Protein chains: 2
Amino acid sequence: MSHLVYGRLMSVDRTQVLRAAAALLSRRATATMDEVARAAGIGRATLHRQFAGRDALVRALEELGIQELEAAHDRARTDEGPADEAVRRLVAEVEPVAPLLSFLVTENQLFEGDQQNEGWARLDARVSDLFRRGQEEGTFRIDLTPAWLTEALYGLIGSGAWAVQDGRVAAKDFQYMIAELLLGGARRSVEK
Amino acid sequence: MSHLVYGRLMSVDRTQVLRAAAALLSRRATATMDEVARAAGIGRATLHRQFAGRDALVRALEELGIQELEAAHDRARTDEGPADEAVRRLVAEVEPVAPLLSFLVTENQLFEGDQQNEGWARLDARVSDLFRRGQEEGTFRIDLTPAWLTEALYGLIGSGAWAVQDGRVAAKDFQYMIAELLLGGARRSVEK
DNA sequence: ACCAGATGAGACATCAATGTCTCATTCGAT
DNA sequence: ATCGAATGAGACATTGATGTCTCATCTGGT
């Protein structure tokens with residue numbers, strides 16, 4: 001019993017399947033279960049054995065996304081140093097998860113916002129806290145609510161991910177474009 | 001033949017149906033044809049008589065959205081006056097169309113972006129031109145490309161529409177939040 | 001009042017995706 | 001090499017939405 005993983009016999013790598021699914025669904029949110037299976041290099045039956053159904057798959061993707069976002073937050077140490085620099089670090093760390101994030105956000109929009117998942121609430125709170133801290137430190141303007149800044153960050157990350165995927169923005173500019181617009185806006189400022 | 005409209009006998013108001021569809025689909029993008037029909041107060045058969053199918057309905061919504069956005073642009077006179085003020089006017093004029101716009105944007109993302117609709121291309125060009133003009137006038141920073149600023153504007157409008165619909169942002173703050181963030185960013189600036 | 005045309009309701013066939021199941025094959029541990 | 005477990009491929013039933021059709025009813029113009 002050397003290959004027991006989580007009490008089950010090992011077989012297909014669950015995480016690997018999830019990553020393949022994320023990669024595909026981020027591009028085409030309407031991809032079928034069969035397509036997901038092929039993208040993951042496994043049979044449809046096996047996919048169904050691992051995830052009871054499409055809903056279960058999406059929920060698993062949600063968990064994965066939340067995990068990775070939490071990890072990104074941790075790595076970015078958003079509670080340390082100047083708030084604007086923390087935002088930059090956060091954007092940088094979130095970049096790899098951006099396509100999955102935008103998929104999950106739109107997915108959540110589709111299915112009526114019945115139950116605000118606890119994980120999302122916690123993430124929202126972390127982002128929101130960051131902006132609030134920036135306001136208290138005098139770095140961020142106080143006429144834009146932390147809730148809106150949080151929404152805007154998600155929105156810009158989604159737009160950025162999609163613009164990159166579509167070739168309208170170079171991948172290397174992703175972090176810069178988002179962070180700069182979010183922090184400094186489009187208007188030319190006197191400083192700098 | 002007093003009630004001939006566009007060569008067809010009048011009956012249900014096509015535009016009114018489209019508006020009802022827009023209102024519903026903007027909230028629940030997966031709403032069924034039957035739901036759309038009920039929302040419009042007509043029978044499903046009649047809905048099918050007017051729009052060959054779901055695709056046709058969405059395409060009609062697309063045309064409607066494009067029309068209204070063009071009209072918003074015209075009213076905002078985005079080629080007059082300082083670019084930043086033009087952006088403000090544009091955001092204000094676009095606000096009523098925001099939910100429909102965000103629906104169409106995500107819808108377009110779902111179906112593979114094979115052929116860029118001519119209408120969207122023209123709208124993109126108008127927005128893009130506005131930002132370019134601002135850069136040439138020295139109002140906007142030049143390190144953010146017009147293409148990205150255009151994406152960002154759409155993204156923020158979508159986020160704003162959704163945040164309002166979800167009650168996380170007050171409807172009355174919609175224009176201000178978007179325009180201020182887009183123009184000035186989150187960082188507190190020295191001026192003002 | 002009459003009539004052509006449009007509507008609404010529902011029956012119906014179709015279609016695509018989903019979920020379940022079977023079975024031969026393959027893989028890994030021993 | 002052998003055995004048990006997992007896989008892949010495909011058959012199959014189910015489901016939900018779609019699109020078509022019919023027919024009774026209604027409406028607006030004459």
Side-chain angles (χ1 to χ4, degrees), chain A residues 1-62 103 106-107 109-112 114, chain B residues 1-62 103 106-107 109-112 114:
Chain A
M1 60 163 63
S2 61
H3 53 302
L4 279 183
V5 180
Y6 297 126
R8 285 181 190 161
L9 275 173
M10 184 171 76
S11 43
V12 282
D13 184 343
R14 192 185 143 98
T15 299
Q16 196 172 333
V17 171
L18 278 179
R19 295 205 174 282
L24 175 59
L25 290 175
S26 296
R27 276 181 295 122
R28 299 200 313 121
T30 58
T32 188
M33 288 294 273
D34 190 80
E35 293 174 300
V36 172
R38 288 181 192 286
I42 63 176
R44 196 166 66 95
T46 306
L47 181 60
H48 271 90
R49 283 185 195 109
Q50 295 242 346
F51 304 98
R54 196 172 218 286
D55 291 358
L57 175 62
V58 172
R59 260 181 283 128
L61 280 176
E62 209 166 19
F103 163 72
T106 61
E107 192 78 4
Q109 287 179 193
L110 294 187
F111 296 120
E112 43 194 317
D114 42 3
Chain B
M1 61 161 63
S2 61
H3 53 302
L4 279 183
V5 180
Y6 297 127
R8 285 180 191 161
L9 276 173
M10 185 171 77
S11 43
V12 281
D13 184 344
R14 192 185 142 98
T15 299
Q16 196 172 335
V17 172
L18 278 179
R19 295 206 174 280
L24 175 58
L25 290 175
S26 295
R27 277 181 293 121
R28 299 200 314 121
T30 59
T32 186
M33 288 293 274
D34 190 79
E35 293 174 300
V36 172
R38 290 182 191 286
I42 65 176
R44 197 165 66 94
T46 306
L47 181 60
H48 270 91
R49 284 184 195 109
Q50 296 241 345
F51 305 97
R54 194 172 219 285
D55 291 359
L57 175 62
V58 172
R59 259 181 284 126
L61 280 176
E62 208 166 19
F103 164 71
T106 61
E107 191 78 3
Q109 285 181 191
L110 294 187
F111 295 119
E112 41 194 319
D114 43 1

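Quick caveat, the model's predicted, so the values are computed rather than measured. Convention: sequence-line order gives letters A, B, ...; per-chain numbering from 1.
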Distance in angstrom units between B:L47 CG and C:dT7 P, rounded: 11 Å
- prompt: Any idea which heavy atoms bring A:L18 and A:F51 closest together, and the distance?
  reply: CD2-CZ, 3.7 Å
query: Rounded to whole angstrom units, what separation is found between the CZ atom of A:R14 and the P atom of D:dA6?
result: 15 Å
task: Name the closest nucleotide to the B:H48 side chain, picking from C:dG8, C:dG19, D:dT18.
output: D:dT18
field: Heavy-atom side-chain contact between B:L25 and B:E107 under 4.5 Å
entry: no
- request: Residues of residues 37-45 of chain B with any non-hydrogen atom less than 4.0 angstrom from an atom of DNA chain D: list those, numerically ordered, please.
  value: B:R44, B:A45
task: For A:R14 and A:V17, run side chain to side chain contact (heavy atoms under 4.5 Å, CB included): C-alpha distance rounded to whole Å, both residues' side-chain angles, the deciding distance at 0.1 Å, then the answer.
output: CA-CA 5 Å; A:R14 192 185 143 98; A:V17 171; 5.8 Å; no
field: Heavy-atom pair with the smallest gap, counting every atom of B:A56 and B:A52
entry: CB-N, 3.7 Å
- request: Quick one: closest heavy-atom pair of A:T30 and A:R54, and the distance?
  value: C-NH2, 4.0 Å
field: Set of side chain to side chain contact (heavy atoms under 4.5 Å, CB included) partners for A:A20, sequence neighbours left out
entry: A:A40
field: Contact summary for A:G53 and A:M33, nearest pair of heavy atoms
entry: C-CE, 3.9 Å
- line: Taken in chain and number order and not counting sequence neighbours, the residues that satisfy salt bridge (charged side-chain N to carboxylate O under 4.0 Å, His left out) with B:R38 are B:D34
query: Can you name the residues that form a side chain to side chain donor-acceptor pair (under 3.5 Å) with A:E35, not counting sequence neighbours?
result: A:R28
Name the pairs: protein N/O against N/O of nucleotides 14-17 of chain C, kept only if under 3.5 Å.
none

- line: Sorted by position of nearest nucleotide on DNA chain D, 5' first, the leading residue of B:R49 and B:A52 is B:A52
- prompt: Taking five pairs at each end of the helix from C:dA1-D:dT30 to C:dT30-D:dA1, what angle separates the two helix axes (nearest 10°)?
  reply: 30°
query: Rounded to whole angstrom units, what separation is found between the CD atom of A:Q50 and the C1' atom of D:dG8?
result: 14 Å
query: C:dT7 phosphate, OP1 or OP2: any side-chain N/O from B:T46 under 4.0 angstrom?
result: no
query: Within this structure, what is the CZ-to-P distance between B:F51 and D:dT18, rounded to whole angstrom?
result: 15 Å
field: side chain to side chain donor-acceptor pair (under 3.5 Å) against A:R19, all qualifying residues, sequence neighbours excluded
entry: A:E68
statement: Here the distance between atom C1' of D:dG19 and atom CG of B:L57, to the nearest Å, is 14 Å
message: So, using side chain to side chain contact (heavy atoms under 4.5 Å, CB included) as the criterion, who are the partners of A:A39 when residues are at least two apart?
response: A:L24
